[in-house]
Participant: 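The structure is given below, and queries will be raised subsequently.
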Amino acid sequence: MKIGYPSLNWTIGCNGAKTFHLKSYSHEKLIETVENNLNCLLTMLKFNVKNNLLFFRITSRLIPFASHPVMDFDWKGYFKENFNEISDFINENNIRISMHPGQFVVVNSKDEEVFERSLNELRYHSHVFDLLKLDSTAKIQVHVGGVYADKEKSMERFIGRYNGLNKAIKRRLVIENDEKSYNLSECLKISEKTEIPVIFDYFHHELNNNSRELHVCFEKFTKTWKAEDGLPMVDYSSQKEGKSRGTHIESIDLDHFKKFLKDTEDFDFDIMLEIKDKETSALKAADILKYDKRFIHKEL
DNA sequence: TCACGTCAAGCAGAT
DNA sequence: ATCTGCTTGACGTGA
């Protein structure tokens with residue numbers, strides 16, 4: 001079991017998710033931004049390793065406009081050395097990596113152009129993993145997509161599109177249950193037909209499920225991960241009080257988290273904390289996890 | 001220096 | 001019809 005947080009670190013002093021507006025696109029702007037993002041990524045990873053946070057979600061903003069038609073710069077070649085350095089650090093320290101493309105990636109879209117754009121975005125994510133020399137335990141997580149008033153057909157469309165993807169993407173793609181459209185059992189159904197691993201989002205599951213025991217859920221989704229996929233991944237969060245349903249909490253509720261660990265003690269998996277204050281909560285969670293037999297860390 | 005309108009991209013549910 | 005939330009708030013113009 002490893003634990004981590006997504007995308008950015010509020011206290012470290014750099015912002016690794018810088019971007020710019022399309023109309024200010026230029027090679028200079030791109031180089032400056034990507035250089036910043038890659039340097040900051042390595043800084044965050046070093047901070048994480050020091051603090052026993054061995055799971056990290058890399059921001060999709062790493063290379064702004066990477067999948068946009070405007071992109072005419074060989075960023076893969078230009079930043080090869082930067083990627084190599086980060087790759088070495090990740091592999092030396094056994095850091096688990098994931099990415100989560102934005103809501104615009106809709107594999108099952110009814111609109112062929114939306115699918116094409118989604119595919120380009122997935123290619124970009126896959127290229128980042130290639131440059132970091134990551135194996136198939138590094139995952140790109142997406143939601144199933146839209147319902148379009150016909151869930152059966154939309155699930156079939158996902159399966160068809162998934163089956164047509166090339167291997168470089170397929171070996172890394174996983175689906176995640178969401179809070180309104182596709183719950184865990186629906187993701188599992190898709191997994192049965194495609195063998196795609198299912199990421200379990202605990203918070204989304206609380207908001208959208210057909211009331212199965214948590215233990216049963218874990219038994220089911222963990223089985224969708226094969227040896228080459230690595231340990232199953234779980235997204236963890238909880239509801240922010242007084243905000244609309246689905247809003248992530250600002251800072252980790254440690255009692256809630258402890259109960260979650262207790263309820264899942266029979267399983268091993270990696271945890272991504274989707275909590276607004278990022279590393280602050282991750283450090284608190286790692287502190288608690290030091291007393292958990294499953295936790296991979298340096299010193300006690 | 002800072003407020004604030006806007007930003008590549010999709011979808012569903014609430015208001 | 002418009003707003004909100006999600007991957008992740010950040011950019012950048014205007015005052």
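Numbered from 1 within each chain, the chains take letters A, B, ... in sequence-line order.
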Participant: In whole Å, I'd like the distance from the CG atom of Asp150(A) to the P atom of dC11(B).
Facilitator: 15 Å
Participant: Between Trp10(A) and Lys29(A), name the one whose nearest nucleotide on DNA chain C is closer to the 5' end.
Facilitator: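 Mapping each residue to its closest nucleotide by heavy atoms, the 5'-most match is Trp10(A).
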Participant: Could you tell me how far apart Leu8(A) (CG) and dC11(C) (P) are, to the nearest whole angstrom?
Facilitator: 11 Å
Participant: dA8(B) and dG12(C): how far apart are their P atoms, nearest whole angstrom?
Facilitator: 10 Å
Participant: Please classify the nucleic acid contact of Thr59(A) as base, sugar-phosphate, or nothing, using heavy-atom distances under 4.0 Å.
Facilitator: base
Participant: Using whole Å, report how far CG of Leu207(A) lies from P of dT4(C).
Facilitator: 19 Å
Participant: Rounded off to whole Å, could you give me the CG-to-C1' distance for the Asp111(A) and dA12(B) pair?
Facilitator: 17 Å
Participant: Heavy atoms under 4.0 Å, any strand shown: does Ser181(A) hit a base, just sugar-phosphate, or nothing?
Facilitator: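 Sugar-phosphate, no base atom in range.
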Participant: Do His125(A) and His100(A) have ring centroids that are under 6.0 Å from one another?
Facilitator: no
Participant: Between the side chains of Lys262(A) and Glu265(A), is the shortest nitrogen-to-carboxylate-oxygen separation below 4.0 Å, so that they form an ion pair?
Facilitator: yes
Participant: Could you check which of dA8(B), dA12(B), dT7(C) has an atom nearest any side-chain atom of Gln103(A)?
Facilitator: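 The closest nucleotide is dT7(C).
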Participant: I'd like to know if the side chain of Ser281(A) pairs up with that of Asp277(A) as donor and acceptor (distance under 3.5 Å, no hydrogens or angles considered).
Facilitator: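 Their side chains do contain a donor-acceptor pair, which is all the 3.5 Å distance test asks for.
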Participant: Does Ser24(A) make a side-chain N or O approach to OP1 or OP2 of dG12(C) shorter than 4.0 Å?
Facilitator: yes
Participant: When the P atoms of dT6(B) and dC3(C) are considered, how many whole Å apart are they?
Facilitator: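 Result for the P pair: 11 Å, nearest Å.
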Participant: Whole angstroms only, please: what is the CD-P distance between Glu116(A) and dG10(B)?
Facilitator: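 Value for this atom pair: 14 Å.
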Participant: Strictly below 4.0 Å, N to O, side chains only: are Arg57(A) and Glu274(A) in salt-bridge contact?
Facilitator: yes
Participant: Answer with yes or no after comparing the ring centroid distance for Tyr25(A) and His68(A) against a 6.0 Å cut-off, counting only values under it.
Facilitator: no
Participant: When the ring centroid of Tyr202(A) is compared with that of Phe260(A), is the distance short of 6.0 Å?
Facilitator: yes
Participant: Where does DNA chain C pair, written as one dot-bracket string 5' to 3', with Watson-Crick or G-U pairs under 3.5 Å, ( ) inside the strand, [ ] for crossing pairs and | for another strand?
Facilitator: ||||||..|||||||
Participant: Starting from the 5' end of DNA chain C, give me the residue, Pro6(A) or Phe20(A), whose nearest nucleotide shows up first.
Facilitator: Pro6(A)
Participant: When you compare the ring of Phe104(A) with the six-membered ring of dG10(B)'s base, are the centres less than 5.5 Å apart and the planes under 30° from each other?
Facilitator: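 Not stacked: fails the 5.5 Å / 30° test.
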Participant: Write down the distance separating the C1' atoms in dA9(B) and dC6(C), rounded off to the nearest Å.
Facilitator: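 The answer is 13 Å between these two C1' atoms.
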Participant: Kindly say if Arg117(A) contacts the phosphate of dG10(B), meaning a side-chain N or O under 4.0 Å from OP1 or OP2.
Facilitator: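 Affirmative; the distance criterion is met.
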Participant: So, do Ile190(A) and Val144(A) sit near enough that their side-chain heavy atoms are less than 4.5 Å apart?
Facilitator: yes
Participant: What is the distance, to the nearest angstrom, from the CE atom on Met99(A) to the P atom on dT8(C)?
Facilitator: 12 Å
Participant: Using a heavy-atom cut-off of 4.0 Å across all strands, would you classify Val147(A) as base, sugar-phosphate, or nothing?
Facilitator: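 Sugar-phosphate contact only.
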Participant: Please tell me if His248(A) has a side-chain N or O lying less than 4.0 Å from either OP1 or OP2 of dT7(C).
Facilitator: yes
Participant: Ignoring backbone atoms, establish whether His100(A) has a side-chain N or O less than 4.0 Å from OP1 or OP2 of dT8(C).
Facilitator: no
Participant: Check every strand shown and say whether Ser118(A) touches a base, only sugar-phosphate, or nothing at a heavy-atom separation below 4.0 Å.
Facilitator: nothing
Participant: dT7(C) phosphate, OP1 or OP2: any side-chain N/O from His143(A) under 4.0 angstrom?
Facilitator: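 Yes.
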Participant: When you measure from the side-chain N and O atoms of Lys276(A) to the phosphate of dG9(C), is any distance below 4.0 Å, counting only OP1 and OP2?
Facilitator: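 For Lys276(A), the contact criterion (side-chain N or O under 4.0 Å from OP1 or OP2 of dG9(C)) is met.
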Participant: Quick check on dT8(C): is either OP1 or OP2 less than 4.0 Å from any side-chain nitrogen or oxygen of Ser60(A)?
Facilitator: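 No.
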Participant: Expressed as a whole number of angstroms, how long is the span from Phe115(A):CZ to dA8(B):P?
Facilitator: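 So the CZ-P distance, Phe115(A) to dA8(B), works out to 24 Å.
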Participant: Side chain to side chain contact (heavy atoms under 4.5 Å, CB included) with Tyr182(A): which of Asn208(A), Asn177(A), Val147(A)?
Facilitator: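 Of all the options given, the one that passes is Val147(A).
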Participant: Would you say Lys18(A) reaches dC11(C)'s phosphate, i.e. side-chain N/O to OP1/OP2 under 4.0 Å?
Facilitator: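 Lys18(A) to dC11(C) OP1/OP2: side-chain N or O found under 4.0 Å.
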Participant: Base, sugar-phosphate, or nothing: which does His125(A) touch, judged by heavy atoms less than 4.0 Å apart?
Facilitator: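 The answer is nothing, as His125(A) stays clear of every strand by at least 4.0 Å.
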Participant: Roughly how many Å apart are dT8(C) and dC7(B), using the C1' atom of each and rounding to a whole number?
Facilitator: 13 Å
Participant: Please tell me whether Phe55(A) and Tyr5(A) form a close aromatic pair, meaning their ring centres lie under 6.0 Å apart.
Facilitator: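 For Phe55(A) and Tyr5(A), the ring centres are not under 6.0 Å apart.
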Participant: Just checking Gln141(A): base, sugar-phosphate only, or nothing, at a heavy-atom cut-off of under 4.0 Å?
Facilitator: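 Here Gln141(A) touches no strand at all.
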Participant: In terms of base orientation, is dT4(C) syn or anti, with the syn window spanning 90° either side of 0?
Facilitator: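 Here dT4(C) takes the anti form, which means its glycosidic angle is more than 90° from 0.
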Participant: On a whole-Å scale, what distance lies between the P atoms belonging to dT4(C) and dC4(B)?
Facilitator: 16 Å
Participant: Checking Asp229(A) against Arg172(A) for the salt bridge (charged side-chain N to carboxylate O under 4.0 Å, His left out) test, could you report, in this order, the C-alpha distance in whole Å, the side-chain angles of both residues, the deciding distance, and whether it holds?
Facilitator: CA-CA 8 Å; Asp229(A) 297 315; Arg172(A) 289 164 166 154; over 6 Å; no
Participant: Over how many whole Å does the gap from Leu62(A) atom CG to dA10(C) atom P extend?
Facilitator: 15 Å
Participant: Using the side-chain heavy atoms of His68(A), tell me which of these nucleotides is nearest: dA8(B), dT8(C), dT7(C).
Facilitator: dA8(B)
Participant: Below the 4.0 Å mark, does dT8(C) have OP1 or OP2 next to a side-chain nitrogen or oxygen of Lys278(A)?
Facilitator: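 Yes, because at least one side-chain N or O of Lys278(A) sits under 4.0 Å from OP1 or OP2 of dT8(C).
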Participant: Base, sugar-phosphate, or nothing for Phe65(A), non-hydrogen atoms under 4.0 angstrom?
Facilitator: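 If one applies the 4.0 Å heavy-atom cut-off, Phe65(A) turns out to touch a base.
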Participant: Given dT8(C), dA8(B), dG13(B), which nucleotide is nearest the side-chain atoms of Arg57(A)?
Facilitator: dT8(C)
